[in-house]
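Some notes on the structure that comes next.
All chains are named by letter (A, B, ...) in the order of the sequence lines, taking the proteins before the strands, and each is independently numbered beginning at 1. Note that the structure is predicted; figures quoted are calculated from it, not measured.
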Amino acid sequence: MTVKEIAEKLNLKVLSGASGLNNEINYGYASDLLSDVMGNAKSGEVWVTLQTHKNVMAIASLKDLAAVILVKDLQPEADMAAQSEDEGIPVLGTSDDAFTLIGKLYELLKK
Amino acid sequence: MHFEFQVEGGNFSKAGTASSQLKKILKQLNVDSRDVKRVVVALYEAEVNVVAHAYNGTIIIDIDTEKITIRIEDEGPGIQDIDQAMQQGFSTASEMVREMGFGAGMGLPNIKNNTDHLTITSEVGVGTQVNMIINFNS
């Protein structure tokens, strides 16, 4: 499923990095600890977090993640949004909290 | 092939820059993607450690057909007890660093899990030296 399809199904806002909307999402990972994501997320996954700083995009890029979803209407900081644009890794936003969003996402992506 | 990168202590906006550049280099060299992934995790964590704890650091990289050798030398507070620092969950990171989602005590375990050889030496009040080797296609 593409980032665009997930965004449409879950009513997510595209906050930055729209050039990556056709990235393929194969599964998801949820964590606010950056080393947890660095050590355990896999390429092609969508990352759900409340962290909004630039290091999120550094990790998303290094791990070849498909997209990042920010929960609770959080907005990416300016340099995070800029790197998302540069890398073509979309940052999506939802008003849902992490538990609610991850539940919906799991239903779409479960294997 | 030999490369060196500088790391600036405290500057989180540049953390991961060396890892990103090395990832591009390894891809150009057609290194197996599984090996690239291991190198990237290990170097990123080492870079973040310098940014989070030290004043400045140098990354020295040598690549041959069989392996990559990475040495990170920093000027900083050093590590008092390296065995303790290696334990999952142990961290001396500041509150600000923890709020960013770093400092969970997972960095050094991530390095250990992704390298074939790891040695750390440190002198308190002077600095830390991390040596790692990742064998290709192991």
- Query: Is it true that atom CD of B:Q80 has more than 12 heavy atoms of other residues, nucleotides or ligands lying nearer than 6.0 Å?
  - Reply: no

- More than 12 non-hydrogen atoms from neighbouring residues, nucleotides or ligands closer than 6.0 Å to CZ on B:R98, yes or no? yes

- Note on the structure: Contacts of B:T119 meeting side chain to side chain donor-acceptor pair (under 3.5 Å) (sequence neighbours excluded), chain-then-number -> none

- Note on the structure: Residues joined to B:M106 in its hydrophobic cluster, side chain to side chain under 4.5 Å directly or through other members, sorted by chain and number, are A:L33

- Message: Given heavy-atom pairs under 4.5 angstrom as the criterion, report whether the side chain, backbone, both or neither of B:F12 touches chain A.
- Response: both

- Task: Kindly check if the number of other-residue, nucleotide or ligand heavy atoms within 6.0 Å of OH (A:Y106) is above 12?
- Result: no

- Of all of A:D79, A:V37, A:N40, A:D36, which one pairs up most often with chain B through heavy atoms under 4.5 Å apart? A:D36

- Task: Taking heavy atoms only and a threshold strictly under 4.5 Å, list by residue number the residues of residues 41-61 of chain A that touch chain B; give 'none' if the list is empty.
- Result: A:S43, A:Q51, A:H53, A:K54, A:N55, A:A58, A:I59, A:S61

- Task: Sort out for me which of B:V41, B:N114, B:V48 touches chain A most, counting heavy-atom pairs under 4.5 Å.
- Result: B:V41

- Task: Only counting residues at least two apart or in another chain, list the ones meeting salt bridge (charged side-chain N to carboxylate O under 4.0 Å, His left out) with A:K13.
- Result: A:D73

- Task: Indicate yes or no: does A:D64 engage B:K37 in a salt bridge with an N to O separation below 4.0 Å.
- Result: no

